[in-house]
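Beneath this line is the structure, given in structure tokens, with notes to follow.
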Amino acid sequence: MKKTVGQMTAQQGERQIDVSRFHTFDELTSLLQGLVASYPKLATLESIGKSHEGRDIWLVTITNQETGAADDKPAMYIDGNIHAGEVTGCNVALYTAEMLLSGYGNDADITELLDTRTFYIAPRVQPDGAELYLTTPYTLRSSVREWPGGDPDDGLMPEDINNDGLILQMRVKDPKGEWRVSEHDDRLMVKRQPDELTGDFYRLYTEGLLNDYVRGPVKLARPKWGLDQNRNWPSNWTTLQRGGGPFPLSEPETRAVAQFVESHRNIVILQNYHTMGGVLLRSPCAVGDSAIPPRDMETYQKMGEIGERLTGYPCTPVYDAFPELDDRGRRNTSGGFIEWTYDHLGIFSFATELWDLQSRAGIEKPAKDPMRVVREQTEEDGLKLLKFNDEQLGGRCFVRWSEFEHPQLGTVEIGGWKLKEVRQNAPSEFLLDECERNAAFSVRQAAMTPKLAIQDVEVERIADDAFVIRALVVNEGYLPSYGSEMAQRAGIAKPVEVQIEGAEPIIGKKKQAIGHLQGRSAARGMMFAFGAGKVENERLLEWLVRGTGEVTITAKSEKGGTVRETVSLA
């Protein structure tokens with residue numbers, strides 16, 4: 001079997017970063033500093049902001065600094081861990097950074113990319129939440145900032161009540177219960193059928209304690225940490241969206257990322273990492289595919305096909321993957337990051353749900369709704385998951401139910417899946433494979449960006465100090481110089497500008513906008529099918545100048561990069 005780029009470069013030498021385990025903030029900081037120290041000509045490290053508790057939001061910039069400044073090259077932005085517990089995304093981002101750096105000079109495609117493109121990689125957007133997740137039994141969605149705040153609700157709050165270092169589940173016998181024990185495996189809880197009248201039935205709760213408990217129905221308290229920072233972005237934000245915060249970009253972490261991405265107009269493609277489910281999600285989010293420009297739709301499909309081949313994950317728009325509506329009739333995904341970056345900034349945007357536990361366990365995904373098997377678990381699926389745990393993970397990721405005297409509810413049973421170790425993140429023995437496949441996709445995504453070049457510069461003397469200069473300005477990339485049609489529609493990407501310096505033009509402008517240049521993505525339609533089409537990806541420019549010495553021609557495109565050619569007037 002042919003190896004991917006990620007697999008090949010991983011074997012070039014000993015890795016500095018162990019991606020088979022997760023890293024605390026101090027460890028992450030040390031790893032990033034070590035990478036930059038090892039590759040000073042290729043990598044720089046900066047903090048793009050501070051978290052709620054004052055931790056740095058680290059971003060590593062990767063490019064060959066000897067071939068031009070990072071911001072003068074087409075760029076891809078990658079981040080992970082905006083959701084506190086989705087630490088697999090941080091590992092994939094870390095692996096990608098090291099793969100690119102170690103691959104320079106060893107892998108032809110990576111070398112070409114770092115000479116001509118830039119990668120901005122922020123492995124952990126939510127450092128506070130990840131730290132709490134990694135160092136305590138608690139789980140949370142994003143920030144440790146308590147929101148909406150106020151006194152704790154009456155109701156059940158998660159707590160490690162049996163002091164085993166885990167917060168699992170409690171099952172409590174209740175004739176009104178929605179669950180029963182599977183007849184095939186007493187570890188598995190299955191939904192009670194609509195017509196089931198007799199038997200032992202249960203309620204399932206998160207392991208925990210009740211605030212201000214008085215005898216009566218068990219209520220679920222609202223989360224202490226209620227923010228969902230992937231609902232805190234301006235596009236389609238609403239106060240009705242659960243976890244969206246008091247206003248768009250209200251949180252220091254989302255604001256820092258927004259300011260960085262918005263101010264770096266060279267970003268063409270964006271990759272955002274989450275868990276779980278094994279799906280390549282893409283824009284659009286709030287509308288269907290028919291609402292976006294057809295050429296962007298074709299590009300998303302091409303990228304998705306490449307991603308499916310490399311990762312094994314299906315690619316689908318967020319709009320189709322999460323069809324559920326809340327009790328107000330709105331989609332539960334409004335205010336998302338990749339919705340904003342595509343709708344407002346015209347960046348081709350993906351959010352990968354890493355770690356496909358269901359497929360690993362032999363559960364077949366429906367092609368049109370691949371996330372359904374994550375949302376809805378049948379008894380057959382549950383048995384396959386337990387078999388996977390027993391045979392592939394040595395049984396370590398499921399804790400058998402055992403009786404416990406709850407101080408408020410009396411006799412309960414505590415047990416269930418170790419959420420952090422297997423349901424929400426990839427187990428240690430599968431982490432490297434997740435990293436390799438997804439990092440390989442990032443390389444191919446970056447290879448699709450536009451790339452400006454100046455070719456065939458010619459100088460013709462027509463008098464002692466008068467010369468005609470001709471130059472071909474070209475887009476050598478797949479995408480057009482404006483990136484996406486959405487960016488052009490929104491007026492985001494400026495036209496290509498060309499400037500000549502070192503001589504005074506007699507005919508021709510010293511600085512001129514020449515419009516946009518198409519990329520190879522424009523090769524479509526009947527004419528191209530028969531080999532008779534031509535992509536408009538080059539522009540011939542001429543100047544009549546007077547002068548001596550050297551002349552420099554500079555072509556600049558926000559999405560396609562800045563390139564220069566110097567010639568002698570002789």
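Being a predicted model, the structure only gives us computed values, none of them experimental.
- Ser30 contributes no side-chain N or O that, together with a main-chain N or O of Asp26, makes up a donor-acceptor pair within less than 3.5 Å.
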Check: Passes salt bridge (charged side-chain N to carboxylate O under 4.0 Å, His left out), Arg360 versus Glu434? Steps please.
Finding: CA-CA 12 Å; Arg360 297 275 186 176; Glu434 290 292 315; 3.7 Å; yes

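- Contact record, Thr341 with Ser349: OG1-OG, 2.7 Å, taken as the closest heavy-atom pair.
- Checked against side-chain hydrogen bond (donor to acceptor under 3.5 Å, both in side chains), Ser402 has no partners two or more places apart in sequence or in another chain.
- For the pair Thr275 and His83, the minimum side-chain heavy-atom distance is 4.5 Å or more.
- Between Arg222 and Pro148 the shortest side-chain heavy-atom distance falls below 4.5 Å.
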Let me check something: any side-chain donor-acceptor pairs from residues 414-423 under 3.5 Å, sequence neighbours excluded? List them with distances.
{"from": "Lys418", "atom 1": "NZ", "to": "Arg396", "atom 2": "O", "distance (Å)": "2.9"}
{"from": "Lys420", "atom 1": "NZ", "to": "Tyr133", "atom 2": "O", "distance (Å)": "2.6"}
{"from": "Lys420", "atom 1": "NZ", "to": "Thr136", "atom 2": "O", "distance (Å)": "2.6"}
{"from": "Lys420", "atom 1": "NZ", "to": "Tyr138", "atom 2": "O", "distance (Å)": "2.9"}
{"from": "Glu421", "atom 1": "OE2", "to": "Arg396", "atom 2": "NE", "distance (Å)": "2.6"}
{"from": "Arg423", "atom 1": "NH2", "to": "Gln377", "atom 2": "OE1", "distance (Å)": "3.4"}

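- Ionic pairing of Lys384 and Glu380 is present here: one or more N-O contacts between side-chain nitrogen and carboxylate oxygen are shorter than 4.0 angstrom.
- Judged by distance alone, the side chain of Glu308 and the main-chain N or O of Cys315 form a donor-acceptor pair under 3.5 Å.
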Next item on the list: Could you check Glu196 against Phe201 for side chain to side chain contact (heavy atoms under 4.5 Å, CB included), going step by step and ending with a plain yes or no?
Entry: CA-CA 10 Å; Glu196 281 191 89; Phe201 303 114; 4.1 Å; yes

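- Contact annotation: the side chain of Arg180 approaches that of Val190 to within less than 4.5 Å [non-hydrogen atoms, C-beta and beyond].
- Under a 3.5 Å cut-off, the side chain of Asp356 and the backbone N or O of Val279 do not form any donor-acceptor pair.
- Leu249 and Thr254 get closest at one heavy-atom pair: CA-OG1, 3.7 Å.
- A 6.0 Å sphere centred on NZ of Lys302 holds no more than 12 heavy atoms belonging to other residues, nucleotides or ligands.
- Checking each of Glu403, Lys173, Glu405 against Thr411 for a side chain to side chain donor-acceptor pair (under 3.5 Å) leaves exactly one that passes, namely Glu405.
- Under the 4.5 Å side-chain criterion, counting only non-hydrogen atoms from C-beta, Met170 is in contact with His406.
- The closest donor-acceptor contact from the side chain of Lys365 to the backbone of Gly277 lies under 3.5 Å.
- Taking all atoms of both residues into account, the shortest heavy-atom contact from Asp160 to Gly165 is OD2-N, 2.8 Å.
- Legend: residues meeting ring pair (Phe, Tyr, Trp, His ring centres under 6.0 Å) with Tyr313, ordered by chain and number and at least two apart, are absent.
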Check: Could you go step by step and tell me if Ser182 and Asp185 meet the side chain to side chain donor-acceptor pair (under 3.5 Å) rule?
Finding: CA-CA 5 Å; Ser182 169; Asp185 191 318; over 6 Å; no

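- When the options Asn438, Val19, Leu431 are evaluated for a side-chain contact (heavy atoms from CB on, under 4.5 Å) with Val92, the one that passes is Asn438.
- Residues forming a side-chain hydrogen bond (donor to acceptor under 3.5 Å, both in side chains) with Asp200 (at least two apart in sequence, or on another chain): none.
- For the 3.5 Å distance criterion, the side chains of Ser334 and Glu339 fail to qualify, holding no donor opposite an acceptor.
- Salt-bridge check for Arg192 with Glu178: failed, with every basic side-chain N at 4.0 Å or more from each acidic carboxylate O.
- Tested against Glu413, the residues Arg171, Arg187, Arg400 include a single salt bridge (Lys or Arg N to Asp or Glu O under 4.0 Å) partner, Arg171.
- Under the 3.5 Å distance criterion, the side-chain polar atoms of Trp225 are left unmatched by any main-chain donor or acceptor of Ser142.
- Remark: side-chain polar atoms of Thr88 are paired, donor with acceptor, to backbone N or O of Ala426 under 3.5 angstrom.
- At least one donor-acceptor pair under 3.5 Å links the side chain of Arg255 to the backbone N or O of Ser250.
- Relative orientation of the Phe337 and Tyr77 rings is perpendicular, given thresholds of 30° and 60° on the angle between their planes.
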Margin query: Run Lys219 and Asp212 through salt bridge (charged side-chain N to carboxylate O under 4.0 Å, His left out) and show every step you take.
Written below: CA-CA 11 Å; Lys219 296 189 298 183; Asp212 298 327; over 6 Å; no

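- Looking at heavy atoms from C-beta onward, Asn81 lies out of side-chain contact with Tyr273 at the 4.5 angstrom threshold.
- Here the closest heavy-atom approach between residue Leu281 and residue Val318 is recorded as CB-CG2, 3.8 Å.
- The main-chain N or O of Val443 is never found under 3.5 Å from a side-chain atom of Asp109 such that the two would form a donor-acceptor pair.
- Salt bridge Arg141/Glu86: present, at least one basic N to carboxylate O contact under 4.0 Å.
- Atom CD of Glu376 has more than 12 neighbouring heavy atoms from other residues, nucleotides or ligands inside a 6.0 Å radius.
- Nearest heavy atoms, Met486 versus Asp343: CG-O, 4.1 Å.
- Listed by chain and number, the residues in a side-chain hydrogen bond (donor to acceptor under 3.5 Å, both in side chains) with Asn389 amount to none (sequence neighbours excluded).
- For Ser290 (side chain) and Gly288 (main-chain N/O), no donor-acceptor pair under 3.5 Å exists by modelled atom type.
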Next item on the list: Kindly determine whether Leu393 and Phe388 satisfy side chain to side chain contact (heavy atoms under 4.5 Å, CB included), including the steps that lead there.
Entry: CA-CA 7 Å; Leu393 304 174; Phe388 173 78; 3.7 Å; yes

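- Between Tyr202 and Trp179, the distance separating the two ring centers is not shorter than 6.0 angstrom.
- Arg15 has no carboxylate O lying under 4.0 Å from a charged side-chain N of Glu436, or vice versa, which leaves the two without a salt bridge.
- Between Tyr300 and Tyr319, the gap from one ring centroid to the other reaches at least 6.0 Å.
- Under the 4.5 Å side-chain criterion, counting only non-hydrogen atoms from C-beta, Phe441 is in contact with Leu280.
- Residues Leu210 and Val218 are in side-chain contact: their nearest non-hydrogen atoms beyond the backbone lie under 4.5 Å apart.
- Not counting sequence neighbours, Asn230 has no partner by the side-chain hydrogen bond (donor to acceptor under 3.5 Å, both in side chains) test.
- Taking all atoms of both residues into account, the shortest heavy-atom contact from Pro370 to Thr316 is CG-CG2, 4.2 Å.
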Next item on the list: Take Ser442 and Ile78 through the side chain to side chain contact (heavy atoms under 4.5 Å, CB included) test and state the conclusion after the steps.
Entry: CA-CA 8 Å; Ser442 289; Ile78 299 170; 3.8 Å; yes

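- Of the possible donor and acceptor atoms, none in the side chain of His52 sits under 3.5 Å from a partner among the backbone N and O of Gly129.
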Next item on the list: Apply side chain to side chain contact (heavy atoms under 4.5 Å, CB included) to the pair Thr206 and Ile167, showing each step before the final yes or no.
Entry: CA-CA 7 Å; Thr206 298; Ile167 295 177; 3.8 Å; yes

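- Counting only heavy atoms from C-beta outward, the side chains of Thr239 and Trp237 approach each other to under 4.5 Å.
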